Chemist: 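Please see the structure below; I have some questions.
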Amino acid sequence: MSSTIEDKSVFQSYFLAEKTTDEPLIRVMALHALTYCERLFYMEEVEEIRVANANVYAGRRLHEELEKGCKKYTLELASQELGIRGKVDYVRTDAGELIIYEHKKGHSNKGNQAWPSDHIQAIAYGLLVSEHFNRPVKELRIRYHADNKTIIIPFDLAKAKEEVLKAVKRARELRSSVQRPPVNVSEKLCRTCSLAPVCLPEEERFAAEEKEKPLRLFPAEDEKRVVHLLEQGTTIHKDGYQFIISLPDGNKKSIPGSNVASFVLHGNIQISTQAIHFCAANDIGVHWLSYGGHYVGALQKGAGYVQRRHRQYEAFRDPFFKILLVSRLCRAKVENQLKYILRATRSKRSNETQGQEELQANINRIRYEIKSLAKIEESLSKINNVDLIQYDRLIKEMRGHEGRAGKEYFNALSCILNLKEEDFLYFAGRNRRPPKDPFNALLSFGYALLYKDCVAAIQAVGLDPCFGFFHTPRSSAYPLALDLMELFRVILWDMPLVASVNRKQWRKEDFEITSKQVWLNKEGRRKVISLYENRKREKWKHPVLKYSLSYSRTIELEVRLLEKEWTGQAGLFARLRVR
Ligand code: SF4
């Protein structure tokens, strides 16, 4: 006669408190991850990166289904001797012996075997149950729901112990390291891995020249919304899993928390403590901008990024490594400026472009700066080290080339705008802090939004925005966010802005104009936000990785590729170009 463990009150709610040794117990699920891929184990257990994809949700739904209509018992067990803890799906007794069940929503291995990661999970539960009840375990049954198969594994206590202790030893070794293990599992496993968008295994294989074209495992679009709030006096509260936005005129709107990527609060907007807690717990960004469009700060979650930041600090201590990144970044920025100017002038009839000669001179001078940057890059390829004196000299040289090219670019920009001198948007060169004319006010506000997105992407990846490689910490702005912005100024803001100006989409009434400065009013800011957010949603084909994704996702992708410069295969950062 057999009976389920739930029939017996003695089996209700077990948990053996973990204590004593300094070594924390390893979750059985972590052993599952370790056997699947060491890199996955490291990212989940050590770096605490968790991403729930469709497979993860399907697994959770399966367990909810299985628990429906049953009395719910928690069978959580821990063993100091084994160094593990875990929650068992289901246990039955059969003639005094125990049978352990593990449910999986996927397919079995080749239709007749358990997957190695499921196997270790099941035998670890077998050991926990047998130790706790001091009774023999007869067998383990892994039920694969997708192909309706149950794989039975006879339980061999000694062999199971040996296997689990070996895995625990390896897990502890990995835990004490600050380095992520390399990508070394089969491509097939990566395709169903929830952490593929963080790990970017295909890009790693591509950079290592193991394949010609990476498969895109990185999400192409944002599934959630960025919510900008501009109405002064608006408040945000939380109600269950919803955000309630209360407008000053008494109207209320509710937004499901699961739909929000981040809030951008412009000026005097209140957010409740409960809403902030919810945002922090659910990776929802909160960014504060002043009424005038100055970036004030962001919600920063505590800890959790220790290993990633440690690796970043180590990498940025090497002046040669930094100089290589600077040279690549400067080339990317200046080449994008040139490509855009050439593209904008090509699409016009020659007599439409004002100041043809002047424009050609600007283009020639930008080309000259690119050549100079290329020479520096070439000289760097022949050495593998620089001392601090060389570093200072090279940085100054590159800043000089990049700065001069930028000046020529803005001069050229004024030529490709269809504006006459008497036009209120006429652009005669870049000025800021504060902007003194409407076009500069538009540039500055768009760049503030871009800066916010760069900070958000850096935070999402877990790097420290305070430590950059090109910009120095001279102002309160984050140097790494300023570095990253250089890749996107032209693509994400200059291009749509110039197009909107040439389409005559701006009115003088969109601005507040005084003799000393110009800023956008509420309507003007709304128009910028809409133009910018629409641009972010546009999809494009990455010129090197050859897959399509939105500009918005490209920002995060670049930060992840930057991190790969010191954690994996280098060479993909800052290679995007205007098409
Ligand atoms: S994507 Fe592949 S290499 Fe990366 S953690 Fe997942 S299984 Fe491992």
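All values derive from a computational prediction rather than experimental measurement.
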Chemist: Strictly distance-based, threshold 3.5 Å: is any side-chain N or O of Thr345 a donor or acceptor partner for the main-chain N or O of Ile341?
Modeler: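 Flag set: sc Thr345 to bb Ile341 pair under 3.5 Å.
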Chemist: By side chain to side chain donor-acceptor pair (under 3.5 Å), which residues pair with Arg311, not counting sequence neighbours?
Modeler: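 Applying side chain to side chain donor-acceptor pair (under 3.5 Å) to Arg311 gives Glu47.
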Chemist: Keeping Tyr42 on the side-chain end and Ser177 on the backbone end, is there a donor-acceptor pair under 3.5 Å?
Modeler: yes
Chemist: Could you give the distance from CD (Glu231) to CD1 (Ile245), rounded to the nearest 0.5 Å?
Modeler: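 That separation rounds to 12.0 Å.
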Chemist: Between atom CG of Leu576 and atom CG of Leu487, what is the distance when rounded to the nearest 0.5 Å?
Modeler: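 Atom-to-atom, Leu576:CG and Leu487:CG are 5.5 Å apart.
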Chemist: Taking atom NZ as the centre, does Lys527 end up with more than 12 heavy-atom neighbours from other residues, nucleotides or ligands that are less than 6.0 angstrom away?
Modeler: yes
Chemist: Write down the atom of Ile458, the atom of Val559, and the distance for their closest heavy-atom approach.
Modeler: CA-CG1, 4.1 Å
Chemist: Strictly under 6.0 Å, is that where the ring centroids of Phe218 and Tyr547 end up?
Modeler: no
Chemist: Starting from the C-alpha separation in whole Å, work towards a yes-or-no answer on side-chain contact (heavy atoms from CB on, under 4.5 Å) for Phe488 and Tyr551.
Modeler: CA-CA 9 Å; Phe488 293 100; Tyr551 286 116; 5.8 Å; no
Chemist: Do Lys339 and Val490 make a side-chain contact, defined as non-hydrogen atoms from C-beta onward lying under 4.5 Å apart?
Modeler: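 No - every pair of side-chain heavy atoms lies 4.5 Å or more apart.
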Chemist: For the backbone of Tyr368 and the side chain of Ser372, can you confirm whether one donor and one acceptor N or O come within less than 3.5 Å of each other?
Modeler: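 Checked: pair present.
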Chemist: Tell me, do Arg489 and Asn336 make a side-chain contact under 4.5 Å, heavy atoms counted?
Modeler: no
Chemist: Would you call Lys375 and Glu378 a salt bridge, taking side-chain N to carboxylate O under 4.0 Å as the test?
Modeler: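 Salt bridge between Lys375 and Glu378, a charged N being under 4.0 Å from a carboxylate O: no.
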Chemist: Going by atom types alone, do Asp464 and Tyr313 pair a side-chain donor with an acceptor below 3.5 Å?
Modeler: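 There is such a pair between these side chains.
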Chemist: Distance alone, cut at 3.5 Å: any donor-acceptor contact between the side chains of Arg553 and Ser548?
Modeler: no
Chemist: Do you know which two heavy atoms are closest between Gln270 and Asn268, and how far apart they sit?
Modeler: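 Closest approach of Gln270 to Asn268: NE2-OD1, 3.1 Å.
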Chemist: Is any NZ, NE, NH1 or NH2 atom of the basic residue among Glu556 and Arg560 found under 4.0 Å from an Asp or Glu carboxylate oxygen of the other?
Modeler: yes
Chemist: Quick check for you: to the nearest 0.5 Å, what is the distance between Leu373 atom CG and Ile370 atom CD1?
Modeler: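 Answer rounded to 0.5 Å: 7.5 Å.
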Chemist: Let me confirm one number: the CD-CD distance from Gln179 to Gln307, rounded to the nearest 0.5 Å.
Modeler: 10.0 Å
Chemist: For residues Asn364 and Gln360, is any side-chain donor paired with an opposing acceptor at under 3.5 Å?
Modeler: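 Present: a donor and an acceptor within the cut-off.
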Chemist: State whether the side chain of Lys564 and the backbone N or O of Cys199 hold a donor-acceptor pair below 3.5 Å, judged by distance alone.
Modeler: yes
Chemist: Only one of Val528, Asp510, Leu531, Val498 passes side-chain contact (heavy atoms from CB on, under 4.5 Å) with Leu442; say which it is.
Modeler: Val528
Chemist: Would you tabulate the side-chain donor-acceptor contacts of residues 445-452 under 3.5 Å, counting partners in other chains and residues two or more places apart, or write 'none'?
Modeler:
unit_1 : atom_1 : unit_2 : atom_2 : d
Tyr447 : OH     : Asp494 : OD1    : 2.7
Tyr447 : OH     : Asp494 : OD2    : 3.4
Tyr451 : OH     : Tyr478 : N      : 2.7

Chemist: Do Arg404 and Glu408 come close enough that some side-chain heavy atom pair is under 4.5 Å?
Modeler: no
Chemist: Has Asn521 got a side-chain atom pairing as donor or acceptor with Glu509's backbone, closer than 3.5 angstrom?
Modeler: yes
Chemist: In this structure, are over 12 heavy atoms from other groups packed under 6.0 Å from Lys253 atom NZ?
Modeler: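 12 or below, so no.
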Chemist: Quick one: does NZ or CZ of Arg317 land under 6.0 Å from the six-membered ring centre of Phe467, within 45 degrees of the ring axis?
Modeler: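 Not flagged: Arg317 not positioned over aromatic ring of Phe467.
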Chemist: So, the side chain of Arg525 versus the backbone of Tyr291: is there a donor-acceptor pair under 3.5 Å, distance only?
Modeler: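 Checking the backbone N and O of Tyr291 against the side chain of Arg525, a donor-acceptor pair under 3.5 Å is found.
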Chemist: Minimum heavy-atom separation for Gly233 to Pro248, with atom names?
Modeler: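 In this case the closest contact between Gly233 and Pro248 is C-CG, 4.1 Å.
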Chemist: Tell me whether the centres of the aromatic rings in Phe424 and Trp506 are closer together than 6.0 Å.
Modeler: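 Between Trp506 and Phe424, which both carry aromatic rings, the centre distance is not below 6.0 Å.
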Chemist: Short question: side chain of Asp483, backbone of Phe470 - any donor-acceptor pair under 3.5 Å?
Modeler: yes
Chemist: Please work out whether the ring planes of Phe439 and Phe427 are parallel, tilted or perpendicular, with thresholds of 30° and 60°.
Modeler: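 If you compare the ring of Phe439 with that of Phe427, the planes turn out tilted.
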Chemist: What heavy-atom pair brings Arg537 and Asn534 nearest, and what distance separates the two atoms?
Modeler: NH2-OD1, 2.7 Å
Chemist: Between the side chain of Arg205 and the main-chain N/O of Pro214, is any donor-acceptor distance below 3.5 Å?
Modeler: no
Chemist: Pairs of donor and acceptor atoms involving the side chains of residues 320-334, under 3.5 Å and at least two apart or interchain, shall be tabulated with distances.
Modeler:
unit_1 : atom_1 : unit_2 : atom_2 : d
Ser327 : OG     : Leu324 : O      : 2.9
Arg328 : NH1    : Glu565 : OE2    : 3.1
Arg328 : NH1    : Phe573 : O      : 2.9
Arg328 : NH2    : Glu565 : OE1    : 3.0
Arg331 : NE     : Glu335 : OE2    : 2.6
Arg331 : NH1    : Glu377 : OE1    : 2.7
Arg331 : NH2    : Glu335 : OE2    : 3.3
Lys333 : NZ     : Glu402 : OE2    : 2.6
Lys333 : NZ     : Glu486 : OE1    : 2.8

Chemist: Is there a donor-acceptor pair closer than 3.5 Å between any side-chain N or O of Asn440 and the backbone N or O of Lys436?
Modeler: no
Chemist: Please check this pair: side chain of Glu558 against backbone of Ile555, looking for a donor-acceptor N/O pair closer than 3.5 Å.
Modeler: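 Pair absent, no side-chain N/O of Glu558 close to backbone of Ile555.
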Chemist: What heavy-atom pair brings Pro434 and Lys516 nearest, and what distance separates the two atoms?
Modeler: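 Heavy-atom minimum between the residues: CG-O, 4.1 Å.
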